[in-house]
**Q** 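One structure, as structure tokens, below. Some questions next.
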Amino acid sequence: MTIKDIPKEERPRERLISLGVEQLNNEELLSILLKTGNKNSSVKELSNSLLKEVGSIGKLGEVNYHFLRKIKGIGDAKACSILTAIELGKRIKNEQNNLRNIQITNAEAVFSYFNNLFYGVKQEYFYCVYLDNRKKVLEVKLLFIGTVNQSLVHPREVFKEALLLSASSIICVHNHPSGYIFPSRDDKELTNRLIEIGKLIGIRVIDHIIIGSDEYYSFLENGLMSI
């Protein structure tokens, strides 16, 4: 079966546009990356062959050009595309890891880290930055992905991660894809709820930062953190 044989709404690219890239399986992601098959195999079959040769998606990061070129149907262009995507993923991961053990002293530091991460994103992403008692970063966790209009955040997930990490405090971060950085009523209600729960269990929520189009809004800097 070729991509053309699949109903349009079920094709990988259309599913990515309508549902978001997170909803695609490994084969679909590779199909978009490879773009086309060859005279003997469809792009879906080629994607499956690649996954079988590698063994698992986790091992894809270990492949090199010569390994890829040995796979039937993978030429220079496809091998280069795969290696480029892998390297970009590694660099993004390294950039994320660079925030660990950094001492957070102001909202600007958080904004500098997350601004590029949110570039071009069409949904709301809700992160928590977990800090130790010296405000050094223990971990950065993506907890929820919402829609353009709302992000459904469950406080139990926020504080479950904090307890697992033995965090002393939390900074919440989310984006407004519209670019409008000022908090909505829901944003304010969520923040107040997290603050109150944090007081009960001894884990402070010290700021909530909203990031829009190359600018940010800090609840702490604007006097909205009742801590």
Side-chain angles (χ1 to χ4, degrees), residues 20-23 92-227:
V21 69
E22 300 83 7
Q23 302 301 317
I92 290 169
K93 185 65 176 177
N94 288 337
E95 185 69 20
Q96 291 175 339
N97 289 338
N98 285 342
L99 196 62
R100 290 178 186 166
N101 295 318
I102 299 297
Q103 189 172 35
I104 301 296
T105 57
N106 53 57
E108 182 70 32
V110 177
F111 167 72
S112 297
Y113 171 73
F114 279 98
N115 191 34
N116 288 334
L117 201 64
F118 288 140
Y119 180 78
V121 169
K122 302 301 182 185
Q123 290 180 294
E124 286 193 6
Y125 284 65
F126 186 92
Y127 285 82
C128 282
V129 180
Y130 296 98
L131 310 171
D132 66 14
N133 57 9
R134 293 176 295 171
K135 293 187 178 180
K136 283 190 175 182
V137 177
L138 296 169
E139 190 67 83
V140 178
K141 291 279 187 177
L142 171 61
L143 295 185
F144 305 99
I145 301 173
T147 65
V148 171
N149 297 315
Q150 63 179 343
S151 184
L152 303 176
V153 178
H154 302 291
R156 65 177 177 270
E157 298 298 327
V158 171
F159 290 102
K160 180 182 77 173
E161 294 292 342
L163 292 168
L164 289 172
L165 292 163
S166 297
S168 296
S169 58
I170 302 170
I171 298 173
C172 300
V173 186
H174 84 278
N175 63 312
H176 280 178
S178 66
Y180 184 77
I181 60 170
F182 294 96
S184 65
R185 184 178 65 180
D186 287 345
D187 292 335
K188 293 177 182 178
E189 289 177 353
L190 169 64
T191 305
N192 289 333
R193 186 163 42 138
L194 292 174
I195 290 171
E196 292 305 315
I197 295 172
K199 286 179 180 178
L200 291 174
I201 61 177
I203 300 174
R204 296 172 61 209
V205 178
I206 60 176
D207 202 354
H208 185 173
I209 298 169
I210 299 171
I211 297 178
S213 300
D214 291 323
E215 54 185 347
Y216 72 91
Y217 182 97
S218 163
F219 277 64
L220 181 62
E221 291 179 354
N222 285 276
L224 296 181
M225 301 299 294
S226 53
I227 56 177

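Only this structure's heavy atoms are used, side chains among them; waters, hydrogens and symmetry mates stay out.
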**Q** Once salt bridge (Lys or Arg N to Asp or Glu O under 4.0 Å) is applied, do any residues pair with Lys136, and if so which ones, sequence neighbours excluded?
**A** none

**Q** State, yes or no, whether a side-chain contact exists between Ile206 and Leu131 at a heavy-atom distance under 4.5 Å.
**A** yes

**Q** Within the structure provided, determine whether Glu189 and Asp186 are in side-chain contact (heavy-atom separation under 4.5 Å).
**A**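 Side-chain contact under 4.5 Å: yes.
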
**Q** Given side chains that start at C-beta, do those of Thr191 and Cys172 come closer than 4.5 Å, heavy atoms only?
**A**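 Side-chain contact under 4.5 Å: no.
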
**Q** Would you check if the side chain of Asn106 reaches a backbone N or O of Ala109 as a donor-acceptor pair within less than 3.5 Å?
**A** yes

**Q** Are Met225 and Val205 packed together at the side-chain level, in the sense that at least one heavy-atom pair is separated by less than 4.5 angstrom?
**A**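 Side chain of Met225 against side chain of Val205, heavy atoms only: contact under 4.5 Å found.
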
**Q** Nearest 0.5 angstrom please: Ser184 OG to Leu190 CG, how far?
**A** 9.0 Å

**Q** Measuring only between side-chain heavy atoms, which start at C-beta, is Tyr217 closer than 4.5 Å to Leu224?
**A**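 Side-chain contact under 4.5 Å: yes.
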
**Q** With a 3.5 Å cut-off and sequence neighbours excluded, list the donor-acceptor pairs that the side chains of residues 157-171 form with protein atoms.
**A**
residue, atom, partner, partner atom, Å
Glu157, OE1, Lys160, NZ, 3.2
Ser168, OG, Asn133, N, 3.3

**Q** Nearest 0.5 angstrom please: Leu194 CG to His208 NE2, how far?
**A** 8.0 Å

**Q** What verdict does the side chain to side chain contact (heavy atoms under 4.5 Å, CB included) test give for His174 and Phe118, after you've listed the backbone C-alpha separation in whole Å, the side-chain angles of each residue and the deciding distance to 0.1 Å?
**A** CA-CA 9 Å; His174 84 278; Phe118 288 140; 5.6 Å; no

**Q** Just do the side chain to side chain contact (heavy atoms under 4.5 Å, CB included) check on Ile210 and Phe219 with the steps written out, would you?
**A** CA-CA 8 Å; Ile210 299 171; Phe219 277 64; 3.8 Å; yes

**Q** What's the spacing between Asn175 CG and Lys122 NZ if we round to 0.5 Å?
**A** 11.0 Å

**Q** In Å, rounded to the nearest 0.5 Å, how long is the span from NE2 of His154 to CG of Leu143?
**A** 11.0 Å

**Q** Report yes if some heavy atom in the side chain of Phe114 is under 4.5 Å from a heavy atom in the side chain of Tyr125; otherwise report no.
**A** no

**Q** How far apart are the C-alpha atoms of Arg193 and Glu196, what are their side-chain angles, what is the distance that settles it, and do they pass the salt bridge (Lys or Arg N to Asp or Glu O under 4.0 Å) test?
**A** CA-CA 5 Å; Arg193 186 163 42 138; Glu196 292 305 315; over 6 Å; no

**Q** So, taking the atom named CG in Asn115 and the one named CD1 in Ile211, what distance separates them when rounded to the nearest 0.5 Å?
**A** 6.0 Å

**Q** Any non-hydrogen side-chain atom of His176 less than 4.5 Å from a side-chain atom of Asp187?
**A**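 They are in contact (side-chain heavy atoms under 4.5 Å apart), so the answer is yes.
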
**Q** Kindly compute the distance separating CG (Asp207) from CD1 (Ile195), expressed to the nearest 0.5 Å.
**A** 9.0 Å

**Q** For Ser218, is there any backbone N or O sitting under 3.5 Å from a side-chain donor or acceptor partner on Asn222?
**A**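 Yes, the answer is positive, given that a donor and an acceptor are paired below the 3.5 Å cut-off.
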
**Q** Among all residues two or more places apart in sequence or in another chain, which pass the salt bridge (Lys or Arg N to Asp or Glu O under 4.0 Å) test with Glu215?
**A** none

**Q** Mind checking whether Phe144 and Gln123 have side chains closer than 4.5 Å, heavy atoms only?
**A** no

